[in-house]
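This report refers to the structure that appears directly beneath it.
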Amino acid sequence: MNRILVTGGLGYIGSHTCVALIEAGYHPVVIDNLRNTRISVKQAIEEITGKPLEFYQLDAKDSAAVSSSIENIDGVIHFAALKSVGESIEKPMEYYTENLESLLSIIQVANEKKAKSFIFSSSATVYGDTEESCVTEETPLGKPLNPYGHTKILGEKILQSGKQKFKTIVLRYFNPVGAHESAKIGELPNGIPNNLVPYITQTAAGKREKLTVFGNNYATKDGTCIRDFIHVVDLAEAHVAALNYSEEMIETVDVFNVGTGKGNTVLELIETFEKVNKLKLNYSIGDRRPGDIEAIYTATSKIESTLGWKAKKELPTSMKDSWEWEKSLWK
Ligand code: WQD
């Protein structure tokens, strides 16, 4: 099992996963339509790994073009999707079309190419408005909070409907943060960042006036929301562990939550960012953001015992790497 089709492979998580794949001896075959990234990420991956990256600028919805461009593949990691919660609320039909059509198209390619495994990029957002703060893979999926989350729930159901010729592993990401230690790849938000950490780093860089903390009247230790912030390099390595496992798995479909197993509040993250980078962040407390849940983080016993994977990097490292990446964008 060597040649792995990586859709959206020049994106934030995709690019870090390509590095991890190459370092583990796999050969990523990358497609990306460059809608949410830059071609310079390809060169950055090549600089980090010292290897040429097989890349095709293609849209994952175009199964015919993908099929005819790539030769044989042994496995698939499907990242290509729109992923902004806020934007999905404004443009629901664009999200359903883009995310579901690309998934159906890549499933078709995987079956045509007789791929043995299919790793699907899902999200903690599938738990919706769950009452449970610490979730496991058995936690019932909540009511979808937004169209983006709904496309992830539907994607999981399509893959779990079975009848595929490949083994499927669903990876539910919690909150990916940080960047590769080389500061050559990292998160490249389009426009105003929706997510916390890129907004923090852009504020620290003076690109944004001030960070607004969305609410401090939640029932948590300091009133701000709790999340499971996982370093993107750890998350990337979870994909390698999943691919390795897929070669021996008995079930046709399996699901894993990918997080650190720890929850941190928004204020704890801000304080960690300030401390490790020796700076003061300009922020104030504002109103709650509609749709936010109070607390969510994951138990990690299943992924640790089955995939033998555990997050290694702690929050200070994530905050240091995020800041080094932001500073690299000034060069
Ligand atoms: C985290 C916390 C905010 C911005 C979503 C998706 C998930 C994944 C990550 C795609 C919340 C607070 C944020 C700000 C703030 N996306 N916050 N001020 O909402 O947990 O998860 O993004 O893969 O699927 O659901 O992440 O980073 O937006 O917010 O106070 O300017 O930071 O209220 O508590 P979220 P987030």
Side-chain angles (χ1 to χ4, degrees), residues 8 11-14 16-17 36 78-89 95 98-99 120-130 133 135 141-142 144-153 155-156 170-178 187-204 207-230 232 235 257-260 263-273 281-298 315 318-319 322:
Y12 174 40
I13 302 167
H16 287 83
T17 301
N36 247 347
H78 179 51
F79 292 108
L82 298 177
K83 58 155 224 163
S84 162
V85 168
E87 188 183 50
S88 78
I89 293 166
Y95 268 67
E98 187 68 29
N99 290 3
F120 178 60
S121 163
S122 189
S123 165
T125 200
V126 300
Y127 291 109
D129 56 351
T130 178
S133 296
V135 295
L141 303 194
L145 290 175
N146 49 70
Y148 160 75
H150 198 193
T151 67
K152 292 300 181 182
I153 292 174
E156 290 193 15
V170 172
L171 296 181
R172 292 174 182 159
Y173 310 156
F174 280 69
N175 288 67
V177 292
E187 196 164 2
L188 283 168
N190 266 340
I192 301 173
N194 298 295
N195 294 132
L196 177 64
V197 174
Y199 206 104
I200 287 177
T201 59
Q202 288 191 10
T203 301
K207 284 183 193 166
R208 306 283 162 209
E209 169 65 28
K210 178 176 72 171
L211 169 79
T212 302
V213 173
F214 296 142
N216 70 344
N217 57 357
Y218 289 96
T220 63
K221 64 171 88 165
D222 58 28
T224 62
C225 293
I226 291 173
R227 293 291 184 274
D228 187 331
F229 297 104
I230 175 173
V232 66
L235 178 57
N257 286 358
V258 193
T260 65
N264 283 109
T265 69
V266 170
L267 277 181
E268 280 175 335
L269 183 140
I270 291 170
E271 285 151 15
T272 304
F273 181 82
L281 189 74
N282 184 17
Y283 68 91
S284 64
I285 306 295
D287 295 334
R288 291 185 175 192
R289 179 173 66 176
D292 275 339
I293 58 172
E294 179 168 89
I296 186 166
Y297 57 98
T298 184
L315 198 57
S318 301
M319 293 301 100
S322 294

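Start at 1 and go down the list; that is how both ligands and their atoms are numbered. Residues take their numbers from the sequence shown, with the count starting at 1.
Legend: residues meeting side chain to side chain donor-acceptor pair (under 3.5 Å) with S122, ordered by chain and number and at least two apart, are E156. With sequence neighbours left out, the side chain to side chain donor-acceptor pair (under 3.5 Å) criterion links S84 to N194. Scored by the salt bridge (charged side-chain N to carboxylate O under 4.0 Å, His left out) test, R289 finds D292 as partners (sequence neighbours excluded).
A donor-acceptor contact shorter than 3.5 Å links the side chain of Y12 to the backbone of V177.
The nearest pair of heavy atoms linking N146 to G149 is OD1-N, 2.6 Å.
Sorted by chain and number, the residues within 4.0 Å of ligand 1 by heavy atom are K83, V85, S123, T125, Y148, N175, N194, N195, L196, L211, T212, V213, F214, C225, R227, V266, R289, D292.
Side chains of T224 and N216: a donor-acceptor N/O pair is absent below 3.5 angstrom, by distance only.
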